[in-house]
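Report on the following structure.
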Amino acid sequence: MPSDKRSGEAATVKMSELKGRPVSIVEMGPRDGLQNETTQLSAAVKAGLVDRLAASGLQRIETGSFVSPKWIPQMADSAEVFAGITRLPGVRYSALTPNMQGFERAVQAGADEVAVFAAASELFSQKNINCSIRESIQRFTEVCAAARDAGIPVRGYVSCAMGCPYQGEVPADDVAMAVRELMALGCYEVSIGDTIGTGTPQQVHEVLSRCLQETSAGQLAMHFHDTYGQALANIVAGLQLGLNTIDASVAGLGGCPYAQGASGNMATEDVIYLLHGLGMVTGVDLSRLIDTSHWICSQLGRQNQSKVALAGLPVARGL
Ligand code: HMG
Ligand code: MG
């Protein structure tokens, strides 16, 4: 077992032991990525992105979000995006839902899974969803109950787990408390978000170790933005604690509209290169993913943030 909930000590997995293990990638590009891009894409192009990502082997794709269009205009057409995709068997197309209104819209659009998002920082909660952490949990109680009735799985997020743009330091206990509350509501997995990308491997180790006192490694995911260039190292720190679910965004798209200066999630291509280099199993065709990465950057007219996409695959590495 990668963690021991009783003693509070998180065991570390040796690098050599990672070989052959499966990793689940949750692709964030169409949601966390595009929600923060200034260029507005049509719903057809967004759906094309989702289809290309699925064709490259990604099986979990956050396809859009059903939040207030006044708050996040980039996601106003998520229902059209869902209507425009060609569903591949085995792929889960999910959506963010902040409240019942969002949940109902997501169900109507055909989302396979929904996600609720809480924060470990009170100030960030107010800026992001206009309510306290406590109020957000109350809203999610309703969403989770409705999702349970409808047989729809719910994922949870905890933002600002490694620091907050308004509050500064965030105690690991506050992150763990949010994890506990989201699990108690029935979330099957909680993604730990370094929203502003300030975390370092030691901090990630400490925060995740604390979270592992609340739940098992299999129910936690890593969601690292790469603002300070630490995301890949942070992912390794999480893998060594036994976590095996990673959020990432093709081409490193995005940022966070309520976290000034935050860059996108770690680029999916770079994560896949890392994982394949460790001998881990992702099911993703990296070459196809790189093609998609260049394609979406040309649609957006933006610089690609993925080092792997920019460099191209090295000859004869078989990655
Ligand atoms: P509010 O203004 O307090 O809501 O916003 P309200 O209930 O008072 O409603 C105000 C208006 O919004 C009403 O319309 C509602 O109908 C409408 P009006 O009567 O004025 O015409 N409304 C909605 N419309 C469509 N869909 C809905 C919805 N709900 C209300 N679901 C609210 C509260 C939560 C809605 C708002 O603050 C919001 O939408 N926030 C979303 C912010 C967001 O999407 N942030 C980015 C995602 S989080 C993230 O990126 C972090 C993450 O990646 C992890 C990490 O990196 O840490 C997940
Ligand atoms: Mg994010």
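Both ligands and their constituent atoms are indexed starting at 1 by order of listing.
Annotation: side chain of Glu181 is in contact with side chain of Arg134 (closest heavy-atom distance under 4.5 Å). Side-chain contact between Val179 and Met177: absent, with no pair of heavy atoms (C-beta onward) separated by less than 4.5 Å. Contact of the Cys211 side chain with the Ile192 side chain is registered, since non-hydrogen atoms from C-beta on lie closer than 4.5 Å.
Counting heavy atoms only, Arg31 comes closest to atom 58 (C) of ligand 1 of the residues Met100, Arg31, Met28. Closest heavy-atom approach to atom 32 (C) of ligand 1 among the candidates Thr97, Val116, Ile129: Ile129. Counting heavy atoms only, Lys70 comes closest to atom 20 (O) of ligand 1 of the residues Lys70, Arg139, Glu62. The closest heavy-atom contact to atom 12 (O) of ligand 1, among the options Ser68, Gly193, Ala106, comes from Ser68. Across Ser191, Ser159, Gly102, heavy-atom proximity to atom 51 (C) of ligand 1 is greatest for Ser159.
At under 3.5 Å, not a single nitrogen or oxygen of Ser65, backbone or side chain, sits near a nitrogen or oxygen of ligand 1.
Both the backbone and the side chain of Asn128 come within 4.0 Å of ligand 1, counting heavy atoms alone. Of the heavy atoms in Gln35, only side-chain atoms (C-beta onward) come closer than 4.0 Å to ligand 1. Contact annotation for Ile72 and ligand 1: only side-chain heavy atoms (C-beta onward) come within less than 4.0 Å of the ligand.
Within the structure, every pair that satisfies the side chain to side chain donor-acceptor pair (under 3.5 Å) test and touches residues 38-52, not counting sequence neighbours, is listed here: Lys46-Asp77.
Residues passing the side chain to side chain contact (heavy atoms under 4.5 Å, CB included) test with Ala231, sequence neighbours excluded: Phe224, Asp226, Met266.
At least one N/O/S atom of Asp32, whether from backbone or side chain, sits less than 2.8 Å from the Mg ion (ligand 2).
Under a 4.0 Å criterion applied to the non-hydrogen atoms of Asn130, ligand 1 contributes the atoms 1 (P), 2 (O), 3 (O). Here is the list of ligand 1 atoms found below 4.0 Å of a heavy atom in Asn99: 27 (C), 28 (C), 29 (N), 30 (C), 31 (N), 35 (C). Close contacts between ligand 1 and Leu96 involve ligand atoms 47 (C) [criterion: under 4.0 Å to a heavy atom]. Remark: ligand 1 atoms within the under-4.0 Å shell around heavy atoms of Phe66 are 26 (N), 27 (C), 31 (N). Near Asp32, with a cut-off below 4.0 Å to any heavy atom, the atoms of ligand 1 are 50 (O), 53 (O).
A heavy-atom separation below 4.0 Å is found between Pro69 and ligand 1. Ligand 1 is approached by His225 to a heavy-atom distance shorter than 4.0 Å.
Ring geometry, Phe117 versus Phe140: the interplanar angle falls from 30° to 60°, so the pair is classed tilted.
The only option from Leu41, Leu300, Ile296, Ile61 that meets the side-chain contact (heavy atoms from CB on, under 4.5 Å) definition with Leu49 turns out to be Ile296. Each of Asp194, Ile196, Thr195 was compared with Met162 under the side-chain contact (heavy atoms from CB on, under 4.5 Å) criterion, and only Asp194 meets it.
A side-chain donor from one of Glu206 and Gln202 sits under 3.5 Å from a side-chain acceptor of the other. When only modelled atom types and interatomic distance are considered, Asp32 and Ser249 share no side-chain donor-acceptor pair under 3.5 Å. If you check the side chains of Ser293 and Asn304, you find a donor sitting under 3.5 Å from an acceptor.
If you put the vertex on the Mg ion (ligand 2), NE2 of His225 and NE2 of His223 sit 90° apart, to the nearest 10°.
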